[in-house]
Structure formats: structure tokens, C-alpha cells
Amino acid sequence: MGIENLHLVHLTNNAHFQLQTQLGNLIVETGAAALNIEPLYNTWHTNFRQEDTAIKKILKSPLTESMKAADHRRDVSYRAIAETNRAALNHFWAEARTAATRLQIVLDTY
């Protein structure tokens with residue numbers, strides 16, 4: 001089995017780095033000298049280390065914490081809406097129950 005079609009430009013940063021990691025492992029396992037690619041491997045390995053450093057910097061983005069906080073606020077808001085609607089399914093006004101039933105379809109979908 002082999003790779004039939006691979007466009008590196010379509011890979012995400014992490015997928016590209018994982019592919020390069022696996023490639024490096026195969027080269028080390030076989031030996032760059034045995035493959036007769038030592039000069040190419042040395043250049044590749046330098047670039048690989050630079051990519052590793054870049055990926056680590058991206059993972060430590062200053063936006064990560066604000067994104068986590070925004071995700072949490074979204075989740076709390078969604079749970080509040082879902083729980084309020086669940087209570088409205090038992091409301092004493094028929095109109096409120098009907099509206100909650102219709103809204104529950106949307107909530108169940110997402």
C-alpha cells in the first residue's frame with residue numbers, strides 16, 4: 001500500500017508536522033547513510049526542528065485562554081437556554097408548551 005495522492009498544501013500544520021515526524025522516524029530507523037540521503041537529511045532535519053519550534057509557539061498562542069473562556073461562556077449560555085426550554089415543556093400555559101416543543105426540535109438538532 002502506498003500514498004496515491006498527497007498535496008502537502010492541503011494539510012493542517014499539525015497534520016503536516018505529524019507526517020514529517022513519521023518520515024523522520026522511518027529515516028532514522030533505516031539510516032540516512034543506508035538510504036544515501038545524508039546531505040538532504042541534514043537539511044531536512046534542520047527545517048524539521050524549526051517547524052517543531054514554530055508549532056510549539058502556535059500552540060501557546062495568547063488567544064488560547066480567551067478562546068477557552070468564550071467557549072465556556074457559550075456552553076453555559078446554551079445549557080441555560082436548553083434547561084429553561086426543558087422546564088417550559090411542562091409550563092401551565094399551552095402556548096408556552098407548544099413554543100417549547102417547537103424550540104426543542106431545534107435544540108435536539110444541534
Side-chain angles (χ1 to χ4, degrees):
M1 177 187 281
I3 297 173
E4 290 183 22
N5 193 2
L6 176 67
H7 299 286
L8 295 178
V9 297
H10 294 180
L11 297 177
T12 64
N13 290 341
N14 287 333
H16 181 269
F17 185 72
Q18 182 179 9
L19 174 68
Q20 296 302 316
T21 300
Q22 291 173 351
L23 173 66
N25 291 342
L26 288 172
I27 292 171
V28 167
E29 185 179 303
T30 306
L35 295 169
N36 197 26
I37 60 167
E38 281 182 287
L40 291 172
Y41 175 75
N42 292 335
T43 301
W44 173 87
H45 195 260
T46 299
N47 293 334
F48 175 75
R49 285 195 313 260
Q50 291 172 351
E51 184 175 357
D52 185 28
T53 301
I55 292 285
K56 287 177 183 170
K57 286 182 182 177
I58 290 170
L59 293 177
K60 295 180 182 178
S61 169
L63 299 177
T64 302
E65 288 305 315
S66 64
M67 288 172 57
K68 283 183 184 177
D71 285 346
H72 177 72
R73 287 191 306 272
R74 179 204 57 220
D75 293 345
V76 168
S77 297
Y78 176 81
R79 278 194 303 274
I81 291 169
E83 289 173 15
T84 300
N85 194 68
R86 191 170 18 257
L89 291 170
N90 298 311
H91 201 278
F92 57 89
W93 287 341
E95 295 86 2
R97 287 192 307 272
T98 301
T101 300
R102 291 176 58 206
L103 181 57
Q104 191 63 45
I105 294 168
V106 175
L107 294 174
D108 289 344
T109 301
Y110 298 102

For this session: May I ask you to decide if Glu38's main-chain N or O and Asn42's side chain share a donor-acceptor pair within less than 3.5 Å?
Result: yes
For this session: Identify whether Leu23 and Phe17 are in the same connected component of the hydrophobic contact network (ILVMFWY, side-chain heavy atoms under 4.5 Å).
Result: yes
Please output the side-chain donor-acceptor pairs of residues 66-74 that fall under 3.5 Å, not counting sequence neighbours, one pair per line with the distance.
{"unit_1": "Ser66", "atom_1": "OG", "unit_2": "Leu63", "atom_2": "O", "d": "2.9"}
{"unit_1": "Asp71", "atom_1": "OD1", "unit_2": "Arg74", "atom_2": "NH1", "d": "3.2"}

Inter-residue atom distance [X].[atom1] - [Y].[atom2], 0.5 Å rounding:
X	Y	atom1	atom2	answer
Thr101	His91	OG1	NE2	12.5 Å
Trp44	Arg49	CH2	CZ	10.0 Å
Leu107	Ile81	CG	CD1	7.5 Å
Ile55	His16	CD1	NE2	9.0 Å
Asn14	Leu19	CG	CG	12.5 Å
Arg102	Asn85	CZ	CG	11.5 Å

Problem set entry | Flag if over 12 foreign heavy atoms under 6.0 Å of CG, Asn36 | no
For this session: Report the C-alpha distance between Leu35 and Tyr41 in whole Å, list the side-chain angles of each, state the deciding distance to 0.1 Å, and finish with yes or no for side-chain contact (heavy atoms from CB on, under 4.5 Å).
Result: CA-CA 10 Å; Leu35 295 169; Tyr41 175 75; over 6 Å; no
For this session: Grab the two heavy atoms, one from Ala34 and one from Thr30, that are nearest each other, plus how far apart they are.
Result: CB-O, 3.6 Å
For this session: Taking the side chain as every heavy atom from C-beta outward, state whether Phe48 and Thr21 have any pair of such atoms under 4.5 Å apart.
Result: yes
Seminar exercise, completed: Across all chains, not counting sequence neighbours, the ring pair (Phe, Tyr, Trp, His ring centres under 6.0 Å) partners of His10 are His7
Exercise. Would you call Arg79-Asp75 a salt bridge at under 4.0 Å N-O?
Worked result: no
